[in-house]
Every structure is written in C-alpha cells, then in structure tokens.
Amino acid sequence: MTAQNFIPKPYTKTIENGSVTWQAPSNIALVKYWGKKENQIPANPSISFTLSGCNTKTTLTYSKKDTNNTFSFDVYLSGEKQDSFKPKIETFFKRIEIYMPFLKDFHFKIETENTFPHSSGIASSASGMSALALCLMDLERLLSDAEISNNYFGQKASFLARLGSGSACRSIEGSLVAWGEHHDISESSNLFGVKYPFEVHDNFKDYQDTILLVDKGEKQVSSSVGHGLMHNHPFAEQRFKQAHQNLSALITIFKTGNLEAFIKIVESEALTLHAMMMTSMPYFILMKPNTLEIINKIWTYRSSTGSKLCFTLDAGANVHLLYPVNEKQEVLEFINNELVVYCQNGHYICDQIGLGANKID
Ligand code: PMV
C-alpha cells in the first residue's frame with residue numbers, strides 16, 4: 001500500500017448540498033509516537049488505547065460553489081465561530097487535496113464540539129482531525145460511483161487524519177490501535193493506524209483511564225516542535241529502537257495479561273518521552289511539580305497495596321491513570337483522598353477504553 005492508493009478515480013456523481021456528522025474519540029498512547037519524517041511518517045511505531053468518553057463530534061455541512069479555485073470554510077466550536085482554527089484546517093486541506101480533489105468545489109461549515117472541557121489541557125487534535133476526516137470520507141463516498149469498502153473507508157480516513165495530526169490516525173477504529181511499521185504486526189503501516197490484530201487478555205477489558213488535570217493551560221511546546229526536536233537528537237536512534245522493542249514486548253503482555261510487565265513498559269514510555277524533551281536542544285521540562293507529586297504517590301500506593309495502577313503522560317503536565325476495571329472503586333477513593341489536591345481546581349476526567357468512531361444519524 002502506498003499513498004498513491006488513496007488518490008481516487010475521477011468522481012462520477014454530483015452533489016449540491018447536505019451534511020454529515022461523525023463522532024471520533026481521543027486516544028492515549030502506550031508506546032509513544034515522538035519524532036517524524038516528511039509527510040507525517042512516524043519515526044517509530046506506536047500503539048494506543050482508544051478512549052470512549054473524550055470525543056469530538058463534528059458536523060460537516062457542504063454546499064456546492066460556483067468557482068473552485070480556493071478552499072472555503074467556516075469553523076465553529078460549540079456554536080461559536082473560531083477563526084483561530086482556520087489556519088490548521090487550511091494546512092490540512094492543502095495536504096490532503098490531492099487525495100480529496102473535491103475540496104475546492106464546496107463551501108464547508110464545520111461545526112465541532114468536544115465532550116471534554118475546552119482548555120482542559122487535553123489535546124483535541126486527534127479526535128478533531130479524525131472526526132473531520134470521517135466526514136470528508138462520507139462525502140467522497142457520495143461522489144464516487146465505485147463501491148468504497150468499509151475497510152478502505154476506515155484506512156483512508158485514518159490516512160487523512162494522520163495528515164492533520166499524526167496521532168489522529170489512531171482514533172478511527174478499534175480499542176487498541178497500532179500505527180507505524182513493525183515487524184511483528186504484518187498489517188501495520190506508516191500511512192494509517194490498524195486495529196490491533198492479536199489476542200488481548202481479559203485483564204484489559206474495560207481498562208480505565210482517569211485523567212488528572214494538573215495544568216489546563218496552553219501546551220508549552222507544540223507537538224510539531226517536539227517532533228522536530230528529535231532530528232539530530234543525540235538519543236534518537238536508540239529511542240526509536242526501544243519503541244520497536246517495547247511494542248514487541250506489549251504483544252506478549254496483551255496476550256498473557258501480565259499487568260506488572262505492562263506497568264513497566266507504559267511508565268517507562270511516558271518518562272522516556274519526557275526525557276527526550278529534557279535532553280533535546282533547546283530543552284524543555286513539560287512536567288509540573290504536581291506531576292511528580294502524583295507519580296510518587298502512585299508508586300507509594302502501588303507498593304503498599306499491590307494495586308496495578310500506573311500512569312502515562314502526553315507531551316504535557318497532565319497525568320493519565322491507567323488501571324483495571326476491578327480496581328475502579330479503590331482507585332477513585334485514592335484519587336479523591338490523595339491526588340485531587342494536585343489537580344487544577346480539583347478537576348479530573350474519568351474515561352475508559354472504547355471502540356472507535358461512529359457516525360451520528
Ligand atoms: O499527533 P501529534 O503530532 O500531536 O503527536 C502526539 C504525540 C504524543 O501524544 C506525545 C504521543 C502519541 O503517540 O500520541
């Protein structure tokens with residue numbers, strides 16, 4: 001499969017106007033994507049849990065225009081016009097235009113809303129870009145005479161979402177999604193995310209993710225800048241190798257349900273991501289003092305209770321607490337008694353592993 005496969009045959013149908021709505025989830029990486037080559041090709045493979053509660057719902061309303069020499073669209077977030085989102089979407093449209101040659105034929109109204117609080121420090125780019133990519137795929141389906149299989153639909157949606165924001169390609173379909181070529185997963189691709197194809201132990205069923213909002217501010221460093229810092233990074237090659245090894249190890253862990261081994265990989269991945277940022281030039285510390293307080297509390301809690309609670313981090317200060325569903329009550333008590341003080345305004349979000357995006361009729 002190459003990118004060329006996603007260039008469609010000339011469209012045969014015409015459509016004047018209409019609208020479509022998709023809801024797409026956020027995801028949390030276990031093996032982190034950090035570093036990319038040209039065209040949003042990941043420098044290493046990654047894998048994530050799809051979340052069920054943190055979603056973006058996007059309605060794309062399209063109306064045919066008379067001229068087709070520019071992109072024309074308006075963006076609304078929770079009913080309010082958001083011109084500040086336009087440059088990112090314009091860049092996205094430019095990148096995908098060759099794969100979606102109808103984009104300049106329509107005026108689009110893009111209405112989007114997140115189920116998680118805006119400015120919670122939770123990135124909406126993964127869920128936002130995947131929801132938009134799915135809406136566009138729906139429109140392509142209407143314009144094409146040829147049958148578009150569900151498999152192609154999902155793959156191309158993921159392929160497009162990746163061009164909007166890399167990790168967004170893991171927010172289309174499946175509870176566990178791998179992205180980036182890996183020798184143990186023959187169907188894996190650098191171009192799109194794939195549903196994890198192997199056995200997953202019941203220990204991971206309904207796995208919980210509680211997101212502690214330590215810092216709700218704007219990201220200190222954008223992820224594009226972060227990925228860029230992996231170029232000429234002194235530890236880059238070793239890091240990319242490690243991601244391959246950690247993904248291989250996770251395949252066994254998912255099969256056996258070995259949660260001790262899972263914790264080691266997941267926490268090490270989170271700390272390695274941050275270590276890459278601390279050792280790049282320029283260097284950044286993305287954690288806040290409260291991030292570290294939480295990590296230390298988790299380690300103490302785990303050693304005193306035998307719990308299988310662990311943490312992971314995005315490229316920011318918030319902490320994702322991952323734990324099996326059978327520990328839900330105890331962990332929530334622990335959060336309320338000991339961790340909530342480290343969250344900004346005491347805020348946290350309870351989520352769990354989900355299935356992927358869906359169309360809203
Ligand atoms: O999709 P981007 O370019 O915002 O990068 C996301 C990178 C991490 O969230 C830090 C890791 C990952 O794999 O999701």
Side-chain angles (χ1 to χ4, degrees), residues 24-51 54 56 85 88 91-92 95 116 120-133 158-172 174 176-182 188 190-194 196 209 211 215 218-231 233 236 239-240 242-244 246-247 250 265-278 280 284-287 291 311-320 322 351 353:
S26 205
N27 68 72
I28 179 70
L30 306 169
V31 172
K32 308 287 179 183
Y33 149 58
W34 201 242
K36 62 179 166 186
K37 304 177 195 165
E38 248 186 289
N39 299 326
Q40 305 269 98
I41 296 299
N44 65 263
S46 58
I47 190 162
S48 52
F49 276 153
T50 305
L51 299 179
C54 292
T56 299
F85 286 12
K88 196 159 185 195
T91 306
F92 176 52
R95 282 190 196 151
F116 47 92
S120 57
I122 299 186
S124 56
S125 56
S127 51
M129 285 299 173
S130 48
L132 182 55
S158 173
F159 171 85
L160 297 172
R162 183 193 106 246
L163 293 169
S165 169
S167 60
C169 76
R170 298 188 313 240
S171 278
I172 304 287
L176 260 174
V177 182
W179 167 42
E181 284 168 16
H182 186 275
S188 62
N190 283 338
L191 299 177
F192 47 81
V194 297
Y196 181 72
D209 180 3
I211 309 159
D215 182 15
E218 276 283 302
K219 271 195 194 171
Q220 193 193 125
V221 191
S222 75
S223 50
S224 352
V225 171
H227 291 295
L229 292 170
M230 290 305 281
H231 290 294
H233 190 294
R239 157 62 196 151
F240 301 147
Q242 178 200 39
H244 281 266
N246 283 344
L247 186 42
L250 273 185
I265 301 275
V266 168
E267 292 191 345
S268 163
E269 275 288 322
L271 295 177
T272 302
L273 165 69
H274 283 249
M276 289 299 109
M277 289 301 278
M278 289 188 214
S280 60
F284 297 93
I285 299 181
L286 304 180
M287 292 185 203
T291 313
F311 71 86
T312 188
L313 307 164
D314 265 338
N318 296 334
V319 186
H320 287 247
L322 301 177
D351 207 337
I353 191 166

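Note that the structure is predicted; figures quoted are calculated from it, not measured. Counting convention: from 1, in listed order, for ligands and their atoms alike.
The closest approach between His227 and ligand 1 falls below 4.0 Å for a heavy atom of the residue.
Polar contact with ligand 1: present for Ser223 (N/O pair, distance under 3.5 Å). Ligand 1 has an N or O atom lying under 3.5 Å from an N or O atom of Arg170, backbone or side chain. Distances between N or O atoms of Tyr33 and those of ligand 1 include at least one value under 3.5 Å. Inclusion of Asn27 in the set of residues having an N or O under 3.5 Å from an N or O of ligand 1 is not warranted.
Relative to the ring axis of Phe92, Arg95 does not place its NZ or CZ within 45° and under 6.0 Å from the centre.
When each atom of ligand 1 is checked for a heavy atom of Trp34 under 4.0 Å away, the hits are 7 (C), 10 (C). Those atoms of ligand 1 with a heavy atom of Ala29 less than 4.0 angstrom away are 12 (C), 13 (O), 14 (O). Close approach of ligand 1 to Gly166 (heavy-atom distance below 4.0 Å) involves ligand atoms 1 (O). Which parts of ligand 1 touch Ser165 is read off a 4.0 Å heavy-atom cut-off, strictly below it: atoms 1 (O), 2 (P), 4 (O).
Looking at every heavy atom in both residues, Val31 comes nearest to Glu269 through CA-OE1, 3.5 Å. Across every non-hydrogen atom of Ile28 and Lys32, the tightest pair is CD1-NZ, 4.1 Å.
Proximity of Ser167 to ligand 1, defined as any heavy-atom pair under 4.0 Å, is shared by backbone and side chain alike.
With sequence neighbours excluded, the residues satisfying ring pair (Phe, Tyr, Trp, His ring centres under 6.0 Å) with Tyr33 are Trp179, His227.
For the pair Glu181 (side chain) and Ser188 (backbone), a donor-acceptor distance under 3.5 Å is absent. Checked by atom type and distance alone, the side chain of Ser171 never pairs as donor or acceptor with a backbone atom of Ser127 at under 3.5 Å. Between the side chain of Ser158 and the backbone N or O of Ile172, no donor-acceptor pair lies under 3.5 Å.
Looking from atom 9 (O) of ligand 1 to the surrounding protein, the closest heavy atom is Asp314 OD1, 3.4 Å.
The number of heavy atoms from other shown groups lying within 6.0 Å of CD1 (Ile285) does not exceed 12.
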